[in-house]
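Structure, as structure tokens:
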Amino acid sequence: MSGIKLKQLEQWLQQVDGFDEGGGKVDLEQYTTPPHLAACFLHSVRHHLEGKMVADLGCGPGVLSVGAAILGCHYCLGFEIDADALDVYRRNLDEFEISNCDAIQCDVIGGIPSRFDKCFDTVVMNPPFGTRQSGADVKFVEAGLRLARSHLYSLHKTSTRKHITSLANAMPGVSVKVVAELRYNLPHTYKFHKRDSVDINVDLVRFSYE
């Protein structure tokens, strides 16, 4: 379905269930990726999804996996530490009648088995921003680069751009580019949130092997 329009993709992704009970777990920095953001992300990188082996790190309920399947990936494997989120992930696959996606439960940070190294053409992820888990965003990038053969696409706060790009530039053979500037509308999810919603400027960053 490479010819699918952005608006059509967003309409599909609006039907993907998010975390149960209206939100994720605060210690894991779980936030549902909004359909519009997920659609913009995936539509921007669709040429690296169609017919490809894809990994979705910290897949949560699976909006990126479902979108990758809609856009014609060969296969997508999600990696997620939270069993409750994986229950929703598999429910979403069933509701969309998707057979070329699956997920395994493991800790993305240091817990992905080495047999998956360089198994995927493309890795996609909306990682923790590192607000509650210091350095989690960087550790997700390192894990994604270990799994990817060609490209890793990841969302990061624009305010961390210099840090993220300098990290990648220090890695041998890795190039980095901000391919889109997006806006993450984060709803009131946890008790410590003071406002009904907040807009966060985020970068869609591509890490590639030269």
Side-chain angles (χ1 to χ4, degrees), residues 1 9 12-20 23-25 27-35 37-46 48-129 133 136-137 139-156 204-207:
M1 299 181 69
L9 179 60
W12 279 108
L13 298 184
Q14 286 172 348
Q15 302 175 47
V16 178
D17 290 338
F19 292 102
D20 283 337
K25 297 175 181 175
D27 58 317
L28 297 176
E29 287 192 60
Q30 290 178 335
Y31 299 96
T32 298
T33 307
L37 178 64
C40 289
F41 177 155
L42 295 169
H43 199 264
S44 297
V45 307
R46 61 193 182 280
H48 285 145
L49 298 175
E50 186 179 8
K52 305 297 186 181
M53 292 287 291
V54 178
D56 179 2
L57 299 195
C59 60
V63 66
L64 295 182
S65 293
V66 170
I70 292 171
L71 290 170
C73 73
H74 176 70
Y75 181 77
C76 182
L77 182 62
F79 295 84
E80 172 60 51
I81 193 173
D82 181 25
D84 294 329
L86 287 176
D87 287 342
V88 185
Y89 181 101
R90 295 190 172 96
R91 187 170 73 223
N92 281 320
L93 296 186
D94 289 342
E95 291 177 355
F96 277 84
E97 298 182 350
I98 292 172
S99 59
N100 64 332
C101 294
D102 201 355
I104 62 172
Q105 184 178 5
C106 70
D107 186 355
V108 170
I109 300 175
I112 298 178
S114 60
R115 68 179 182 273
F116 292 110
D117 289 2
K118 304 305 176 192
C119 281
F120 303 94
D121 302 298
T122 304
V123 176
V124 296
M125 64 183 190
N126 180 14
F129 288 146
Q133 302 180 74
D137 52 345
K139 292 174 182 176
F140 264 66
V141 169
E142 292 171 344
L145 288 171
R146 183 163 64 85
L147 270 59
R149 286 194 290 257
S150 298
H151 300 94
L152 163 65
Y153 288 97
S154 182
L155 290 172
H156 297 274
L204 175 57
V205 184
R206 181 181 68 212
F207 304 85

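Below, each value reflects all heavy atoms present in this structure, side chains not excepted, and no hydrogens, waters or symmetry copies.
Between P127 and H156, the closest heavy-atom pair is CG-CE1, 4.0 Å. Contact record, C119 with M53: O-CB, 4.0 Å, taken as the closest heavy-atom pair. Of all heavy-atom pairs between A69 and N100, the closest is CB-OD1, 3.9 Å. In terms of heavy atoms, Y153 sits closest to F41 at O-CZ, 3.6 Å. Nearest heavy atoms, G144 versus V123: O-CG2, 3.7 Å. Between L86 and A103, the shortest heavy-atom contact is CD2-CB, 3.6 Å.
Looking only at side-chain heavy atoms (C-beta outward), I70 and L42 stay at 4.5 Å or farther from each other. Contact of the V141 side chain with the V205 side chain is not registered, since no non-hydrogen atoms from C-beta on lie closer than 4.5 Å. Residues L77 and F120 form a side-chain contact, since some pair of their non-hydrogen atoms from C-beta on lies under 4.5 Å apart. Contact of the M125 side chain with the F79 side chain is not registered, since no non-hydrogen atoms from C-beta on lie closer than 4.5 Å.
Classification of the F96-W12 ring pair by plane angle, with boundaries at 30° and 60°, yields tilted.
The distance from the CG atom of L49 to the NE2 atom of H151 is 11.0 Å, given to the nearest 0.5 Å. K118 contributes atom NZ, which lies 9.0 Å from atom OG of S150 (distance to the nearest 0.5 angstrom). Atom CG of D87 is separated from atom CD of E80 by 11.0 Å, given to the nearest 0.5 angstrom. In this structure, the separation between CZ on R149 and OG1 on T122 is 9.0 Å, given to the nearest 0.5 Å.
No donor-acceptor pair closer than 3.5 Å links the side chain of R91 to the backbone N or O of V88.
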>> Before you tell me yes or no, could you show the steps for R90 and D102 under side chain to side chain contact (heavy atoms under 4.5 Å, CB included), namely the whole-Å CA-CA distance, both residues' side-chain angles and the distance that decides it to 0.1 Å?
In response: CA-CA 8 Å; R90 295 190 172 96; D102 201 355; 3.9 Å; yes

>> What verdict does the side chain to side chain contact (heavy atoms under 4.5 Å, CB included) test give for L145 and E142, after you've listed the backbone C-alpha separation in whole Å, the side-chain angles of each residue and the deciding distance to 0.1 Å?
In response: CA-CA 5 Å; L145 288 171; E142 292 171 344; 6.0 Å; no

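Among T32, V66, N92, the one residue that satisfies the side-chain contact (heavy atoms from CB on, under 4.5 Å) test with D17 is N92.
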Name each donor-acceptor pair under 3.5 Å that joins a side chain in residues 106-117 to protein atoms two or more places apart or in another chain, with its distance.
unit_1	atom_1	unit_2	atom_2	d
D107	OD1	I109	N	3.0
D117	OD1	R146	NH1	2.3

Please output the side-chain donor-acceptor pairs of residues 55-65 that fall under 3.5 Å, not counting sequence neighbours, one pair per line with the distance.
unit_1	atom_1	unit_2	atom_2	d
D56	OD2	S65	N	3.2
D56	OD2	S65	OG	2.8
S65	OG	Y89	OH	3.0

